[in-house]
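Report on the structure given below.
All values below come from the heavy atoms of this structure, side chains included, with hydrogens, waters and symmetry mates left out. Whatever order the structure lists them in is the order used to number ligands and atoms, beginning at 1.
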Amino acid sequence: MTPRMDEKLLIERFDNRLRKDVPLANLTTAKVGGSARYFISAESAAQLAADVGYLWSENIPFLVLGSGSNILVSDAGIEAVVIHNKAKLIHFDENSATPSLYAESGAILITAARQAAMRGLTGLEWATTIPGTVGGAVYGNAGAHGASMQQNLLLADILHRTKGYLSLNTEQMGYSYRSSALKREPGGAIILSARLVVEKGDTERIKALLNEFAARRKQTQPPGPSMGSTFKNPAGDSAGRIIDSLGLKGTRVGGVQVSQMHANFFINDGSATARDYRDLILLVQGIVEEKTGTRLELEIEMIGDWKEQE
Ligand code: EPU
């Protein structure tokens, strides 16, 4: 069955939740990109599941948007239904034998990690510097400071397009560096919520770690609109180090520039387009491959319609 977008059907189903032609740039951290043809917000994991189940059943194309931190939305925008994931519930099971945190997938990872720290729970300090949602971090195996989501995940509750509701453990999530089985099968499943392991810890030590990580981030990662790390690190090396070593800091296409502070961050000066980002990505990727033989892989995901820009 070919995907279709029947506006009448969407209005019937979503009624006044449905919005049309909603600009997405301000919902992304890079602050570029066009509009969503259709846009709805999901306020709970149950609502998200119901919406996705419906769109799958009608074969209507959709995309779940979290906090927009790891994506590049095309200037042409997204000819689909964008579901803004605002399912943000977080609660703690700190007194059970295995203390854990439950979060709906739209919860902000930094908020969840800070709340754990404030309760004297350790293990998620690394996540206090990562912009994004819990769902995005579980999907992309986000990480920093030598740790990543795969060390914390107990179970990810997902809705699978053909298999229905499933709870997957770390092994079943098929984690690898900045990737997962779900990321390798785009559109196959969505994350509804996750349970993360934490441990009772020493409050002073937790605070010290938070301060150390925040300071390190401030020292090494630039402020300003960007997507965070643009490329994945090749095995045993750092994309930022390689780009820097080729003298590419400061390289500019239109309104986007390779950061002077960290060469894997591409900063929007306020006037950038998604096309500027795409062109700078291709330029840097090309030079790195030509000079070093290494093909840098994108960590970010390019979404929307890019065709007429080729
Ligand atoms: N370096 C340079 N020049 C640069 C940037 C880095 O020489 O312009 C060198 C640094 O001096 C250091 C090495 O490269 O020796 C590694 O740099 P850094 O410690 O900044 O770490 P990274 O590998 O660039 C990774 C993650 C970040 C995470 C940091 C801190 C990836 C792609 N990036 O960066 O994650 O915050 O470690 O743990 O894995 C993200 O994934 O979006 C992200 C920001």
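- Neither the backbone nor the side chain of W126 has a heavy atom within less than 4.0 Å of ligand 1.
- Protein heavy atoms are absent from the space less than 4.0 angstrom from atom 15 (O) of ligand 1.
- The distance from ligand 1 to the heavy atoms of K249 drops below 4.0 Å at these ligand atoms: 8 (O).
- Given atom 23 (O) of ligand 1, the protein heavy atom at minimum distance is N233 ND2, 2.7 Å.
- For the pair Q115 (side chain) and A112 (backbone), a donor-acceptor distance under 3.5 Å is absent.
- Between the side chains of N141 and S179, no donor-acceptor pair is found at a separation under 3.5 Å.
- Residue R178 holds the heavy atom nearest to atom 26 (C) of ligand 1 of all those in R241, R178, E299, E297.
- If you look at Y177 next to ligand 1, the close heavy atoms, those under 4.0 Å, all belong to the side chain.
- In terms of protein heavy-atom proximity, atom 21 (O) of ligand 1 is nearest to H262 NE2, 4.3 Å.
- Using a 4.0 Å cut-off between charged side-chain N and carboxylate O, E299 and K232 make no salt bridge.
- Ligand 1 has no nitrogen or oxygen under 3.5 angstrom from a nitrogen or oxygen of K232.
- Applying the 4.0 Å criterion to heavy atoms of A263 picks out, from ligand 1, the atoms 4 (C), 8 (O).
- Close approach of ligand 1 to H145 (heavy-atom distance below 4.0 Å) involves ligand atoms 30 (C), 38 (O).
- Cation-pi geometry between R13 and Y54 is met: the NZ or CZ atom falls under 6.0 Å from the ring centre, inside 45° of the normal.
- There is no protein heavy atom less than 4.0 angstrom from atom 10 (C) of ligand 1.
- Between K183 and E301 there is no salt bridge, since no side-chain nitrogen of the basic residue lies less than 4.0 Å from a carboxylate oxygen of the acidic one.
- Using a non-hydrogen distance threshold of 4.0 Å, S259 does not register as a contact of ligand 1.
- In this structure, atom 3 (N) of ligand 1 has a protein heavy-atom contact shorter than 4.0 Å.
- Ligand 1 has no atom lying under 4.0 Å from any heavy atom of M227.
- Taking all heavy atoms of S229, P222, S238, G132 into account, the minimum distance to atom 13 (C) of ligand 1 is reached by S238.
- For a threshold of 3.5 Å applied to N or O pairs, the pair formed by A144 and ligand 1 contains no separation below that value.
- Residue F265 approaches ligand 1 through these ligand atoms, each under 4.0 Å from one of its heavy atoms: 44 (C).
- Between R119 and E94 a salt bridge is recorded (basic side-chain N to carboxylate O distance below 4.0 Å).
- Each of the atoms 32 (C) of ligand 1 lies under 4.0 Å from some heavy atom of F231.
- The closest approach between R217 and ligand 1 stays at or above 4.0 Å for every heavy atom of the residue.
- Under a 4.0 Å criterion applied to the non-hydrogen atoms of G143, ligand 1 contributes the atoms 35 (O).
- Within a 4.0 Å radius of atom 19 (O) of ligand 1, the protein contributes no non-hydrogen atoms.
- Residue contacts with ligand 1: Q221 is placed with a nitrogen or oxygen under 3.5 Å of a nitrogen or oxygen of the ligand (distance criterion only).
- Under a cut-off of 6.0 angstrom, the local environment of CZ in R37 is sparse, with at most 12 non-hydrogen atoms contributed by other residues, nucleotides or ligands.
- Follow the hydrophobic side-chain contacts under 4.5 Å out from L296 and you reach M227 in the same cluster.
- Between K88 and E104, none of the side-chain N atoms (NZ, or NE/NH1/NH2) sits under 4.0 Å from a carboxylate O, so this pair counts as no salt bridge.
- When all heavy atoms of M5 and P61 are compared, the pair lying nearest together is CG-CD, 3.8 Å.
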| request: For the pair R275 and D75, evaluate salt bridge (Lys or Arg N to Asp or Glu O under 4.0 Å) and give the outcome as yes or no after the intermediate values. | output: CA-CA 7 Å; R275 186 184 185 146; D75 295 316; over 6 Å; no
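- Remark: the T273 side chain and the D276 side chain contain an N/O donor-acceptor pair separated by less than 3.5 Å.
- At under 3.5 Å, not a single nitrogen or oxygen of N70, backbone or side chain, sits near a nitrogen or oxygen of ligand 1.
- Environment of NZ in K249: crowded, with over 12 heavy atoms of neighbouring residues, nucleotides or ligands closer than 6.0 Å.
- For the 3.5 Å distance criterion, the side chains of E289 and T292 fail to qualify, holding no donor opposite an acceptor.
- Ion pairing between a basic and an acidic side chain is recognised when a charged N comes within 4.0 Å of a carboxylate O; R195 and D157 show no such pairing.
- Ligand 1 is never approached by R216 to a heavy-atom distance shorter than 4.0 Å.
- Shown in contact with D244 at under 4.0 Å from a heavy atom are these atoms of ligand 1, numbered in order with element: 2 (C), 3 (N), 4 (C), 7 (O), 8 (O).
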